[in-house]
Each structure stands twice: as C-alpha cells, then as structure tokens.
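Notes follow once the structure below has been shown.
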Amino acid sequence: IYLSNLLIEMYSKCGNLEVAREVFHSIREPNVFSWNILLAAYVRHGRLDEARRVFDKMPERDSVSWNAMTSAYAQKGHMQAARSIFEMMPRKSIVSWNAMIQAYIQRGDLEEAKVLFDKMTERDAVSWTVMMQAYAQRGQLQEAREFFDNMPKPDVISWTAMVVAYAQAGHLREAEELFRKMPDRDVVAWNAMLAGFVTNGHMKQAREVFEKMEKRSLVSWNTMISGYGRSGDLENAVLLFEEMVERDGVTWTAMIQGYALNGHLDQALKLFQEMDLEGVVPDEATFSITFTSILTACSHAGEVPKGCKFFVEFQEDRCLQPTIDHYHGMIDVYGRGGKLQEAEDLVESMPFPPE
RNA sequence: CUCUGGCUAUUG
C-alpha cells in the first residue's frame, strides 16, 4: 500500500492523472494517505469538481485532506468557500493556517492575511516567510525585513526568499550581505544569488559565483545561458550550452531566445528543430512556452511565412491545441507583418473569447 | 508515503 501510494504520487506529479487514478483503484483498501494523494492530484491539476467528489467520498479525513480542499478553492479564487472550509475544520494545524494565509496573499488581501497571522497561537518558518514575501512583493522591503528579523527560526528557504527579495528590488549589496551570512546555503540559495547578479546585468560577478559553486544544478546553467543571451554574449551562451551534459526544456528555450534577441532568427529556428532531432521531449507545458518564444521571435523579425509554418506544424504534426498565448503570438505575427486581415480572421476563428 | 513558503526560460 505504501508503495502504491508512492506510485499514485509519482504519476500525478508527471501529469499522468489517469494512470494515477487507476493505481488508486487497484488498491484494495486505500488508507487516508492514498485518498489524500489522489485528492492532491486533482487539486494540482485544477480539477476542483473531482477533488470535491473525492473529498466527499473519503471514509475519513484528516487535516491534510481539509487543507488540500482549502487550497483547491483558493486556487480557483473562491475565497469564501476556502474560508468556510477553514472554519469548518475539526482541528486546524499550523499548515491549515499557513495555507489560508497564503490564499489571502494570492488574492492580494494582505490585510486579512495579517489578521490571521496575528491570531495564530503558534507559527513556523512558513508562516513568517509567506508574510515576509508578501510585503516584499508589494515593494515594502523594510516591512519584509522586519518579518525576517523577528522570525524565531528562519530556515534556508526564509533566507533565500529574503535574498531574492533584495535582488529583485535591485538591492544587490543587501542581497549579497545576507547571502554571506546565510548558515546553510544549498544549491537553490546559490542559484538565487546567481540570478540576482544576472537579472541586474552583472554577468561578470555572476560568472564568479557560478565558478565558485561547489554543486550546480540545471537551473544554475540555465540561468547563466539566459543571462549571456540577454546581455548579447552569445559566444559564452553557446559555450555553456554545448558544455552541458544534460539539458531540459528551459535550457533550449533560453538558448533559442538568446539567438532571437540578438537578431539571429535563423539560428533560433534551427535550434528549435534540432530539439526534435535530438529527441528532446519536454512536457507539454514546457514545450508550450518554447513554442510561444518561437512565435514572438518570428513576429519581432517580421517573418510571417515562418510563423505560419510553425503554427500549422504545431497543430498538424504534433497534434497539439494552441493556447490563448499561441493565438496571441500568431496574431502578432500577422499584425506586425502587416497582414491585418489575416490577424482579424484568426481572432474570429480562435476558440477563445478575444479580450 | 499525502496538504502550505525559496532559484532559471516564453507571453503578459
């Protein structure tokens, strides 16, 4: 049962909801964990109705089940429903409070989030960190820092989030200083510092950090490639790209974008095709993003025929449904290429309401 | 073994 539970989770996290369901149904006596994993799977995929059905059908629920439902409603913007689930819970854990606070923050209601935070009798690093981030994202860096300083036991994530907050606000000095004081820096923390230099245009310093890293992840490499591309240093971008032993969809998109940004549409498109030749199969969500970047590359270059070609291929060769973003990209291709009639026709024929 | 918070690519 323990192994089956792991299986359900694995499949649901790879986007294989159907298989996850099958595994669940093959268990003779699912326990609370099995039910919760299935519930979480539906929530992750945004299937609120199915999640609700599972929740109602569960023989017993623990606080994990209730928390998952709270997040499910919150994620769909149904705050009143989320809140009433929260109120109905037999026993609230710290996670229940954290999830509810995070829900309000996502809806932009920092005031209500703060009310809940103040009501908590016990808080953990997550409680403090989500509040800290909320203030930082609203531009209240000093407030954010107060949460950080008042936090009894900040963990690696709290530290990293604060570094990111400074870096994104352009306060690299503070970011660096905090980073240096950080007790246990993991790869994500290093990557965050790296990205701080990159997004502020300091590739030289970024490179130093990159070289100094004891352990690097795919994200480290991707960050550097993207940064070199943005700063016009295609040579270094390509060097790193070729040096990589393992690449993911982000790597390819970053490199493609690097070419596109620097006026090499031909190379960008070539790389896109090379992805196929190399047998790279990113998941659909990732590929969708790569494809969006191809369309905007074509539109910026005024390449109507090429944009059309890829747009058609996307549907016919790969049998994928264009998303609203893809239509947007394709409409731009036509619009910027002076094909206003075609752009209008596409707007009218797309299966989305035009904004 | 399941629920909440941190790093990279696209559009906005």
Side-chain angles (χ1 to χ4, degrees), chain A residues 1-10 12 31-41 43-44 61-72 74 93-103 105-106 124-134 136 154-165 167-168 186-196 198-199 217-227 229-230 247-258 260-261 282 285-297 299 323-329 332 355:
Chain A
I1 174 109
Y2 167 91
L3 287 177
S4 306
N5 286 349
L6 279 180
L7 255 189
I8 307 177
E9 209 206 339
M10 247 195 56
S12 86
N31 60 15
V32 207
F33 288 96
S34 329
W35 283 96
N36 283 340
I37 294 167
L38 185 67
L39 176 59
V43 175
R44 243 194 311 277
R61 304 170 188 84
D62 60 10
S63 108
V64 172
S65 337
W66 288 88
N67 297 342
M69 277 317 287
T70 304
S71 304
S93 67
I94 295 194
V95 174
S96 320
W97 288 84
N98 291 345
M100 197 65 231
I101 288 175
Q102 176 64 15
I105 289 172
Q106 272 165 0
D124 63 6
V126 177
S127 329
W128 288 91
T129 305
V130 295
M131 290 302 295
M132 181 196 91
Q133 278 186 122
D155 61 14
V156 209
I157 297 187
S158 323
W159 281 88
T160 307
M162 194 66 228
V163 168
V164 169
Q168 282 176 350
D186 62 6
V187 204
V188 176
W190 280 90
N191 287 340
M193 193 64 245
L194 190 65
V198 166
T199 62
S217 66
L218 262 179
V219 173
S220 329
W221 291 81
N222 293 344
T223 304
M224 291 301 291
I225 288 174
S226 164
R230 263 200 284 268
R247 305 173 184 135
D248 66 4
V250 175
T251 317
W252 288 87
T253 312
M255 196 60 238
I256 287 170
Q257 183 71 0
L261 281 178
T286 301
F287 183 73
S288 165
I289 290 176
T290 310
F291 185 62
T292 305
S293 74
I294 287 296
L295 288 179
T296 56
S299 93
T323 66
I324 181 83
D325 286 337
H326 300 146
Y327 277 101
H328 187 126
D332 250 26
E355 319 93 47

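Below, chains carry the letters A, B, ... as their sequence lines are ordered, and counting in each starts from 1. Given the structure is predicted, the values throughout are model-derived calculations rather than measurements. Values below: every heavy atom of this structure, side chains too, minus hydrogens, waters and symmetry copies.
- Contact annotation for Val163(A): no contact, since no heavy-atom pair falls under 4.0 Å across all strands.
- Side chain of Ala68(A), nearest nucleotide from G5(B), G6(B), C3(B): C3(B).
- Residues satisfying the side chain to side chain contact (heavy atoms under 4.5 Å, CB included) test with Ala167(A), not counting sequence neighbours, are Leu172(A), Ala175(A).
- Per the geometry, CG belonging to Leu38(A) stands 14 Å off C1' belonging to C3(B), to the nearest Å.
- Rounded to whole Å, atom P of C1(B) lies 10 Å from atom CD1 of Ile37(A).
- Among the protein residues, Val130(A) comes within range of the sugar-phosphate backbone only, with heavy atoms under 4.0 Å from sugar or phosphate atoms but none that close to a base.
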Under-3.5 Å N/O pairs linking protein and nucleotides 10-12 of chain B:
from	atom 1	to	atom 2	distance (Å)
U10(B)	O2'	Ser293(A)	N	3.4

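- Remark: side-chain polar atoms of Asp325(A) are not paired, donor with acceptor, to backbone N or O of His328(A) under 3.5 angstrom.
- Under the rule for a ring pair (Phe, Tyr, Trp, His ring centres under 6.0 Å), Phe33(A) has no partner lying at least two apart in sequence or in another chain.
- Atom CZ of Phe33(A) is separated from atom P of U2(B) by 8 Å (rounded to the nearest Å).
- Among residues two or more places apart in sequence or in another chain, the side chain to side chain contact (heavy atoms under 4.5 Å, CB included) test is passed with Ala125(A) by Asp155(A), Ser158(A).
- Distance CE (Met131(A)) to C1' (U4(B)): 14 Å, rounded to an integer number of Å.
- Annotation: side chain to side chain contact (heavy atoms under 4.5 Å, CB included) contacts of Ser217(A) (sequence neighbours excluded): Val187(A), Asn191(A), Val219(A), Ser220(A).
- Taking 3.5 Å as the limit, the base of G6(B) and the side chain of Asp155(A) contain no donor-acceptor pair of atoms between them.
- Taking atom CH2 of Trp159(A) as the reference point, atom P of C7(B) lies 18 Å away to the nearest angstrom.
- Minimum atom distance to the side chain of Val219(A) is reached by U8(B), of the listed U8(B), A9(B), U2(B).
- Atom CE of Met69(A) and atom P of U4(B) are 14 Å apart (whole Å).
- As judged by a 4.0 angstrom heavy-atom cut-off over every strand, Ser158(A) is placed among the base-contacting residues.
- The separation between Trp35(A) atom CH2 and U2(B) atom C1' is 14 Å, rounded to whole Å.
- Scored by the side chain to side chain contact (heavy atoms under 4.5 Å, CB included) test, Arg61(A) finds Phe55(A), Met58(A), Ser65(A), Trp66(A) as partners (sequence neighbours excluded).
- Among the nucleotides U8(B), C3(B), U2(B), the one closest to the side chain of Ser71(A) is C3(B).
- Under 3.5 Å, the side chains of Asn67(A) and Asn98(A) contain no donor-acceptor pair of N or O atoms.
- In this structure, CD1 of Ile94(A) is placed 14 Å from C1' of C3(B), rounded to the nearest angstrom.
- Counting any heavy atom pair closer than 4.0 Å across all strands shown, Ala189(A) reaches a base atom.
- Across all strands, Thr223(A) comes closer than 4.0 Å only to sugar-phosphate atoms, never to a base (heavy-atom distances).
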